[in-house]
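Written out below as structure tokens is the structure these notes cover.
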There are 2 protein chains.
Amino acid sequence: MGKGEETRAAVLDEAARVVSTAGLNGLTIGLLADRMQLSKSGLFAHFRSKEQLQVAVVERAAELFAERVVRPALQAPRGEPRLRELFDRKLRWDNGDLALPGGCFFASVSAELDDAPPGRVRDRVVSAERDYGDLLANIFRTGISEGHFRPDADPEQYAFDIRGVLLSYHHASRLLADPKAEDRARTAFEALLRAARI
Amino acid sequence: MGKGEETRAAVLDEAARVVSTAGLNGLTIGLLADRMQLSKSGLFAHFRSKEQLQVAVVERAAELFAERVVRPALQAPRGEPRLRELFDRKLRWDNGDLALPGGCFFASVSAELDDAPPGRVRDRVVSAERDYGDLLANIFRTGISEGHFRPDADPEQYAFDIRGVLLSYHHASRLLADPKAEDRARTAFEALLRAARI
DNA sequence: CCAAAAGGCGAACGGTCGTGCTTTTATTGG
DNA sequence: CCAATAAAAGCACGACCGTTCGCCTTTTGG
């Protein structure tokens with residue numbers, strides 16, 4: 001890896017941190033240059049437009065998520081244990097233990113882009129969110145064939161439900177600073193599992 | 001109402017629409033002046049800083065929410081029917097039928113401010129969100145004393161759960177454009193009620 | 001109807017934004 | 001070690017940001 005790619009990677013890591021707390025809108029080239037102790041133009045040269053920087057940082061965040069949340073969770077046994085592991089890691093991802101200081105990167109960015117006009121950045125975020133939904137549904141489906149969950153349970157509804165729990169957790173812990181947020185999230189998760197169990 | 005207050009009110013209505021789609025960050029004085037066919041300085045004079053404009057628009061949105069969602073719902077019979085009415089109206093509020101084109105004003109703004117430093121705007125949003133959570137919990141509590149729900153159910157957990165359903169609905173419908181989003185939300189809501197029923 | 005007050009406009013300010021250029025400095029391969 | 005190449009800096013630009021101020025126009029109360 002040449003010097004260029006090295007700085008580029010470092011810039012993207014810092015950018016992901018910025019976005020997780022300040023949103024895509026708070027990610028500014030000048031600010032990022034300051035943080036990296038680089039000149040605006042020097043940093044700018046690595047991406048050739050702001051949009052490309054944004055796309056790159058979304059992709060970096062997706063990598064980080066795959067690397068620290070998804071991949072480790074996939075090593076747990078299929079079905080319910082894997083679901084538990086994924087949930088657990090997602091909670092830690094959300095509260096900043098695993099990577100980014102501002103909680104879930106995608107929670108911030110999703111809300112920011114939900115009514116935005118179509119574009120490369122939005123598309124990339126949508127695709128990451130779809131992937132995550134599919135992942136949840138698929139793991140749940142596996143749980144059905146493993147005999148952990150009722151065969152008539154709806155995996156996509158389950159994915160919808162658990163996403164709600166996680167969004168509500170993010171909301172309660174980040175915005176409302178509710179100390180019971182994690183307990184509430186775990187309680188809700190257990191209730192979902194109980195309702196799906198055979 | 002003098003001419004001044006009249007324009008001010010109209011400006012705030014338009015501002016709320018802008019914020020619901022573009023976020024607080026997308027609310028710019030120049031843009032708002034254009035939309036209102038007013039000069040920047042003329043508009044600015046009504047608020048005397050951007051922060052005061054932001055606080056005012058959050059307050060206006062809270063009024064709108066109370067007027068179109070909360071107050072009508074409170075006229076339904078206590079307990080479960082009231083909860084249903086509130087949920088139903090909140091869904092319509094979220095998809096823009098009731099007021100603002102960009103879906104739930106507070107869903108956008110909450111995510112934007114969750115990691116922001118303390119300030120009047122953030123405080124006002126937090127207080128509105130707390131109020132809404134308390135409202136949900138209280139209506140649920142009433143449902144317990146009316147005998148609709150199990151006495152050992154936890155109203156605050158219920159408020160957490162339902163907020164998750166609504167956030168997931170917002171996410172699915174706005175960002176992912178999932179046509180089944182509303183069905184999923186209603187299914188999830190019914191499941192929550194079923195679990196809480198005697 | 002007229003004076004006083006309120007509302008609105010136009011121009012200008014210092015800043016920051018994203019984005020080009022050209023030049024200087026580091027890195028690298030032969 | 002030196003030439004070729006890559007990376008970073010410096011500087012300038014037009015656009016828009018929030019904000020101020022002085023002037024004009026409209027509304028209002030007596």
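Computed from a prediction, not measured in an experiment: that's the story for all the values here. First the proteins, then the strands, lettered A, B, ... as listed; each starts at 1. The figures that follow rest on heavy atoms only: side chains count, while hydrogens, waters and symmetry mates do not.
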Practice problem: May I ask you to verify if any side-chain N or O of B:His46 is less than 4.0 angstrom from the OP1 or OP2 atom of C:dA6? | Solution: no
Practice problem: Look at the aromatic rings of B:Phe189 and B:Phe87 and report parallel, tilted or perpendicular, splitting at 30° and 60°. | Solution: parallel
Quiz item: Of all the nucleotides listed (C:dG8, C:dG20, D:dT19), which has the minimum atom distance to the side chain of B:Thr7?
Solution: C:dG8
Practice problem: Please state how far atom CG in A:Asn25 lies from atom C1' in D:dC17, giving the value in whole angstrom units. | Solution: 13 Å
Exercise. Using a heavy-atom cut-off of under 4.0 Å over every strand shown, decide if A:Thr28 touches base, sugar-phosphate, or nothing.
Key: sugar-phosphate
Practice problem: Give a yes or no on whether a donor-acceptor pair under 3.5 Å exists between the nucleobase atoms of C:dG10, that is its base, and the side chain of B:Lys40. | Solution: no
Quiz item: D:dG18 phosphate, OP1 or OP2: any side-chain N/O from B:Lys50 under 4.0 angstrom?
Solution: yes
Quiz item: Would you call A:Glu190-A:Arg84 a salt bridge at under 4.0 Å N-O?
Solution: yes
Quiz item: Could B:Lys3 and B:Glu6 be called an ion pair, given the rule that one side-chain N must be under 4.0 Å from one carboxylate O?
Solution: no
Quiz item: Rounded to whole angstroms, how far apart are CD on B:Gln37 and C1' on C:dC9?
Solution: 15 Å
Practice problem: Kindly indicate whether the side chain of A:Ser39 and the base of D:dA8 share any N or O donor-acceptor pair separated by less than 3.5 Å? | Solution: no
Quiz prompt | Rounded distance (Å) that lies between atom P of D:dG18 and atom CG of B:Leu24 | solution = 12 Å
